[in-house]
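Just so it is clear: chains get the letters A, B, ... in the order the sequence lines come, proteins before strands, and each one is counted from 1. Quick note: numbers below take in every heavy atom, side chains included, and nothing from hydrogens, waters or symmetry partners.
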Amino acid sequence: MVYLEFEKPLEKLHSQLDKLQEIVEDGEIDMTDKIKELEQKIKKKQKEIYSKLTDWQRVQLSRHPERPYTLYYINQITKNFVELHGDRCFGDDEAIVGGVGMIDNQPVVIIGQQKGINTKERQRRNFGMANPEGYRKALRLMKMAEKFKLPVITFVDTPGAACGLEAEERSVAQAIANNLFEMARLRTPILVYVIGEGASGGAIGIGLGDRVFMLENTWYSVISPESCSSILWRSWDYKQQAAEALKLTAKDMLGFKIIDGIVQEPLGGAHYNPEGMAKLLKKHIKKQLKDISTIAIEELLVQRVEKFDKMGEFETVES
Amino acid sequence: MSWFKRFKEGIQTATKLKRSIPDGIWIKCKGCGHTLTRKKLVANLYKCSKCNYHMRIGPVEYFEILFDGAYQTHFENTRSVDMLKFKDLKSYPERLEAAKGRTDSSEAIIVASGKLNKIPTVIAAMDFNFIGGSMGSVMGERISRAIDLCVAERMPLIIISKSGGARMMEAAFSLMQMAKTSAKLAMLHEAGIPYISYMTDPTTGGVTASFAMLGDINIAEPGALIAFAGPRVVKETIKKDLPEGFQTAEFLYEKGFLDLIVDRAEVKERLGQLLAILCAPMSQNDKTAGAIIESKEVPSPAEMAPVNQEEAT
């Protein structure tokens, strides 16, 4: 386990637990009561820590190195999943993965950003920061979903779109813009889940849908707290303040009606119990797919545009 | 060796209350350093007579260049609010106040309707002096309503982009304007109404990654910076110098993301030509909009300043 700064009190308890279990494995002494007691202690401590997280701590949780990524959920939730590759124009961007699979008896197209689980993979996948061809692959798969009337599920988990010469040369801006334009009129339901980081245009590039949800310990905003700090405070040191100022947590987003709901994470966060998280997510997706299937596509498209058209706060002054 | 060393080029003056075109008789070109009289500059549509550098101008200047004469502004009563109680070094209301002191615009975008070469047209133009032309809820709402107006009256839409990108002080609301404007443009598209995106210096960030790149036709002013991540950010990320001309209009044209690069002196003529062609089917199919094309001839350029440079394309 990797422990974040504020999770440190748990580390000690967990190592005590490990030691007790070792003794039990040796088979000499009965430790059941002691173990139970310690497990209760851990639960209590977890509740204590996770019930009063600051916004910045949630940002850290969303980036926890052991947090499950898109492909983990896909593998847990679907059967017969086939990953599909390439944008048919330039190449295959591994920062975005996508393909077809079955959630129980429901065929779906799933697309999401994929960070890596080790250094090599992180480099290959550019830490989940997609190039234009990633967004274009996503759109190609969505168009296929439209053709076969398959619902689309996207998993958002990115620190932003790729930044570099190539991303600009092939216009990541145009790729994102085109996705937004096409997703607004895609004739099949779209469910969006922010499963980790939802930063900027890179996130919304696969984030326009009929229903948008966030996992409990995720964030969604126009910019990362670090970049916000560097631009507005002109220093990298104000990330905590920036995180508070941006009001970027799932709870904030729900309050602003920018998202439709929050998917609760197991106690200790998704990284503490990935399997439990996947089960909760699957249950949530199945319910949403069922609900949305009752709405006629024409009606759904009208609602989709209206949903985003309503977003924004302004006042009307006397002219 | 001198005792004092100047680290930064040029005179360092506070940028407070700086107008896009400073007041005064003499104005120095940012492109070549050539000094022009204000009168000459205005006559030349705010372009340098020596190097053809296109100076940044605001919505009013563009409306005067593009509309045949009178035009009407819309939705000016929509104003920004500080819904997040956002405070960095300054509070958002302070920034809004400062913006109002810097420009006459009521927000970073002004929507107007009028005739362009006799074609009734809606033009939305951005003001870079209003918090860097940044996109917040009001910009999204004004564009959304401009699109509704275009659909209701069957008029074409031109958006003149000039923006630093998202308005951070509106955080996620700002981000959602990308989805909002793009979704509404999809509606405009379904209605078969032309939309021309006209990118000027600078067009960056969330503006580029939404409506600016979604024109049926994308045009730009020569030399305009057009980017998603700005050059400074890209440079810091890759830790290398950027190739010359990177992220300019000419660069995007070469890469296939722009249809045309048009000199400001010719932009009205070019837009008129395009709209006359794109609006023709609209007026034929829709009798109620029969007035869109009033004459059969290709519209002639209006009284414009003489062109002293070849079109950049």
Side-chain angles (χ1 to χ4, degrees), chain A residues 160-165 167-185 198 200-201 203-205 207-208 220-223 227-229 231-234 238 241-242 245-248 252-253 256 258 304-305 307-319, chain B residues 76-81 83-89 136-138 140-141 144 166-187 189-190 204-206 208-214 226-229 233-234 237-238 240 242-243 246-247 251-252 255 257:
Chain A
C163 177
L165 296 179
E168 294 292 323
E169 226 172 71
R170 299 193 289 276
S171 194
V172 71
Q174 191 274 345
I176 291 170
N178 198 38
N179 277 17
L180 292 172
F181 182 81
E182 293 295 344
M183 288 175 92
R185 52 201 283 271
S200 170
I204 200 137
L208 194 158
Y220 196 4
S221 198
V222 71
I223 192 167
S227 302
C228 180
S229 161
I231 294 172
L232 292 181
W233 278 268
R234 293 166 205 278
Y238 294 85
Q241 285 95 321
L246 286 167
K247 308 242 178 358
L248 42 61
D252 292 320
M253 291 298 113
F256 298 144
I258 287 177
R304 194 184 295 162
V305 174
K307 172 188 172 71
F308 285 91
D309 196 21
K310 272 191 214 143
M311 288 183 194
E313 293 281 332
F314 55 89
E315 61 180 4
T316 308
V317 296
E318 301 275 327
S319 49
Chain B
E76 294 247 37
N77 60 347
T78 49
R79 301 294 165 88
S80 295
V81 290
M83 61 289 218
L84 303 180
K85 305 269 169 279
F86 196 97
K87 193 172 188 309
D88 48 275
L89 296 176
S137 298
V138 171
E141 182 65 17
S144 169
R167 186 169 294 173
M168 255 175 284
M169 289 69 81
E170 294 192 23
F173 284 102
S174 163
L175 183 64
M176 292 305 139
Q177 304 313 308
M178 291 172 66
K180 174 170 174 168
T181 53
S182 304
K184 290 297 292 260
L185 281 175
M187 270 183 56
H189 175 88
E190 304 273 346
T204 61
T208 318
S210 59
F211 53 85
M213 274 290 165
L214 290 175
I226 303 168
F228 181 53
V233 177
V234 177
T237 307
I238 64 170
K240 271 186 214 154
L242 303 175
F246 184 62
Q247 297 180 318
F251 175 85
L252 268 88
K255 299 292 174 193
F257 293 101

Count the heavy-atom pairs under 4.5 Å between each of [options] and chain A, then report the option with the highest count.
{"options": "B:Ala186, B:Ser144, B:Ala166", "answer": "B:Ala186"}
{"options": "B:Ser137, B:Pro243, B:Ala209", "answer": "B:Ala209"}
{"options": "B:Val233, B:Leu84, B:Val138, B:Thr78", "answer": "B:Leu84"}
{"options": "B:Gln177, B:His189, B:Arg167, B:Met187", "answer": "B:His189"}
{"options": "B:Gly206, B:Ala179, B:Ser210", "answer": "B:Ala179"}
{"options": "B:Met176, B:Lys240, B:Met169, B:Met83", "answer": "B:Met176"}

For [X], is it the side chain, the backbone, both, or neither that has a heavy atom closer than 4.5 Å to a heavy atom of chain B?
{"X": "A:Met183", "value": "neither"}
{"X": "A:Glu313", "value": "both"}
{"X": "A:Leu208", "value": "side chain"}
{"X": "A:Leu232", "value": "both"}

Using every non-hydrogen atom in the two residues, find where [X] and [Y] come nearest and quote the distance to one decimal.
{"X": "A:Ala177", "Y": "B:Ser182", "answer": "O-OG, 4.5 Å"}
{"X": "A:Gly201", "Y": "B:Met178", "answer": "CA-CE, 4.0 Å"}
{"X": "B:Ile238", "Y": "A:Leu165", "answer": "CD1-CG, 3.7 Å"}
{"X": "A:Ser200", "Y": "B:Phe228", "answer": "OG-CZ, 4.4 Å"}
{"X": "A:Ile258", "Y": "B:Ala172", "answer": "CD1-CB, 3.8 Å"}
{"X": "B:Lys87", "Y": "A:Ala245", "answer": "O-CB, 4.3 Å"}

Checking [X] against chain A: side chain, backbone, both or neither under 4.5 Å from a heavy atom?
{"X": "B:Leu185", "result": "both"}
{"X": "B:Leu214", "result": "side chain"}
{"X": "B:Phe211", "result": "neither"}
{"X": "B:Ser80", "result": "backbone"}

Tell me, out of [options], who's got the most heavy-atom pairs with chain B below 4.5 Å.
{"options": "A:Glu169, A:Met311, A:Lys247, A:Glu182", "answer": "A:Glu169"}
{"options": "A:Leu180, A:Thr316, A:Asp309", "answer": "A:Asp309"}
{"options": "A:Arg185, A:Gln174, A:Glu168, A:Gln241", "answer": "A:Glu168"}

- Find out whether B:Leu175 and A:Tyr220 are in side-chain contact, i.e. whether some heavy atom of one side chain is under 4.5 Å from a heavy atom of the other.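 Touching, per the 4.5 Å side-chain cut-off.
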
- Report yes if some heavy atom in the side chain of B:Met213 is under 4.5 Å from a heavy atom in the side chain of A:Ser171; otherwise report no. yes

- In terms of ring plane angle, is the pair B:Phe86 and A:Trp233 parallel, tilted or perpendicular, where the classes change at 30° and 60°?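 Correct class here is tilted.
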
- Message: As a quick check of understanding, evaluate side chain to side chain contact (heavy atoms under 4.5 Å, CB included) for B:Met168 and A:Val222, giving each step before the final call.
- Response: CA-CA 7 Å; B:Met168 255 175 284; A:Val222 71; 4.2 Å; yes

